[in-house]
Protein chains: 2
Amino acid sequence: MERSIQQLIERYLSVSFLVNKRGAALMKCELDDVTHDQYYVLRHIYKRGVCTSTELADVFAVNKSAITAMTNRLVEKGMIERGRGEDDRRIIALSLTEKGRKWLEETEQNVYELVEAIMTKLSHEEIEQFIQTYEKLAMILQEMGESK
Amino acid sequence: MERSIQQLIERYLSVSFLVNKRGAALMKCELDDVTHDQYYVLRHIYKRGVCTSTELADVFAVNKSAITAMTNRLVEKGMIERGRGEDDRRIIALSLTEKGRKWLEETEQNVYELVEAIMTKLSHEEIEQFIQTYEKLAMILQEMGESK
DNA sequence: ATTAAATAGTTAAATAATTGAACTATTTAG
DNA sequence: CTAAATAGTTCAATTATTTAACTATTTAAT
């Protein structure tokens, strides 16, 4: 393997790990009762309107039983609710409760301010370029996941 | 908050979550018995030669007791060992066993190949720029974590 | 020099995330 | 119309994590 590539990989492994851990730790401060993963479940349902366990399991790249456990906790907390599908009765539609929607909208404000405080230390172009590359990586990973 | 910034934040939250989850899922395939977090503990000790619980807790941004639990498992697996410090007897130096060192060196090969397969779908300059920005973010997060 | 405060690490109890296998209920296809 | 596929749950086990209480050791203040 080429030496310069190897160094890039080494740097990537170290820095991605660091940023994820520290980023999650900072975000946790804004999320009172809700965990980091639960926050992303709520976000996804909010953006979709309704969604299914299977869809969440695909997005999160985990087993469906992990989603069952997480959604159980969110139902207990009164943040989401389950509704049977009309046409296909195997499907259970997950949606935010009023409480869940309100909580998310308020919390998004705080999270946005946190991320903004970090991002604005970089130039607009640098952020834009960074996110574009990140999105390319997301697509590459998606393809690799599907092909397996 | 400015609208374009808000969109960047939204994109960042979505994509960073996706890449982390899917990246971790892909990496797990290479790590047989060892978990994702344990792999990074081993990596950190390998790079440092020896290190302490407190140092790991700082790097991972978790409590020291979380580190105790993780290192216990790694000791059970025969990957690392604990050694009392000579000068300060409170300190316990963590180091890789021969087995741990060999396992890590072999596994790094596979992980590197995995990351390389992803990276080489982007241009060298794009990766370099991406990692540089990532490293800036890491520094910003570090400062924010310290000031709190 | 002795005591009080700080530091390094562990233990224990609780919660959360995750996997894998076995299971129920429903739908689709041969 | 039965067999296979799909959607979701349950259960048992493992891992990661937090918080509070604890032990052992070192540093600092009087």
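Lettering of chains follows the sequences in order, A, B, ..., and the numbering in each one begins at 1.
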Quick one, B:Thr52 with B:Leu94, criterion side-chain contact (heavy atoms from CB on, under 4.5 Å). Give me CA distance, side-chain angles, the key distance, then yes/no. CA-CA 6 Å; B:Thr52 66; B:Leu94 303 169; over 6 Å; no
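Rounded to a whole Å, the CZ atom of A:Arg89 is 13 Å from the P atom of C:dT28. Between the CG atom of A:Leu56 and the P atom of D:dA7 there is a distance of 13 Å, given to the nearest Å. The separation between A:His36 atom NE2 and D:dT18 atom C1' is 16 Å, rounded to whole Å. The separation between B:Lys64 atom NZ and D:dC22 atom C1' is 12 Å, rounded to whole Å. Atom CZ of B:Arg90 is separated from atom C1' of C:dT10 by 15 Å (rounded to the nearest Å). Taking atom CZ of B:Phe60 as the reference point, atom C1' of D:dT15 lies 14 Å away to the nearest angstrom. The nearest whole Å value for the distance from the CG atom in A:Asp37 to the C1' atom in D:dT18 is 16 Å. At whole-Å resolution of the value, CZ in A:Arg84 and P in C:dA25 are 10 Å apart.
Summarising the geometry of B:Arg11 relative to A:Gln132, their closest heavy-atom pair is NH2-CG, 3.8 Å, with the distance given to 0.1 Å.
No continuous path of hydrophobic side-chain contacts links A:Met70 to A:Ile91 [ILVMFWY only; heavy atoms under 4.5 Å]. B:Val50 is not connected to B:Ile67 by any chain of hydrophobic side-chain contacts under 4.5 Å among Ile, Leu, Val, Met, Phe, Trp and Tyr, and they are in different clusters.
Comparing B:Asp88 and B:Ala66 by the nucleotide of DNA chain D whose heavy atom lies nearest to each, the residue mapping closer to the 5' end is B:Ala66. Position along DNA chain C of the nearest nucleotide to A:Ala61 versus B:Ile91 favours B:Ile91 as the more 5'-ward residue.
Phosphate proximity of D:dA16 to B:Arg73: present, with a side-chain N or O under 4.0 Å from OP1 or OP2. The phosphate of D:dT9 has OP1 or OP2 within less than 4.0 Å of a side-chain N or O from A:Arg82. Proximity of B:Lys28 to the phosphate of C:dT19: a side-chain N or O atom is located under 4.0 Å from OP1 or OP2. For D:dT17, one of the phosphate oxygens OP1 or OP2 lies less than 4.0 angstrom from a side-chain nitrogen or oxygen of A:Lys21.
A:Asn63 comes within 4.0 angstrom of a base, heavy atoms only. As judged by a 4.0 angstrom heavy-atom cut-off over every strand, A:Thr68 is placed among the base-contacting residues. At the heavy-atom level, B:Asp33 lies nowhere under 4.0 Å from the strands shown.
Judged by distance alone with a 3.5 Å cut-off, a donor-acceptor contact links the side chain of A:Ser65 to the base of C:dG20.
When distances run from any side-chain atom of A:Ile92 to the nucleotides D:dG8, D:dT15, C:dT11, the shortest one goes to D:dG8. Comparing D:dT17, D:dA16, D:dT10 by their closest approach to the side chain of B:Thr35 singles out D:dA16.
For CZ of B:Arg89, the number of neighbouring non-hydrogen atoms (other residues, nucleotides, ligands) closer than 6.0 Å is 12 at most.
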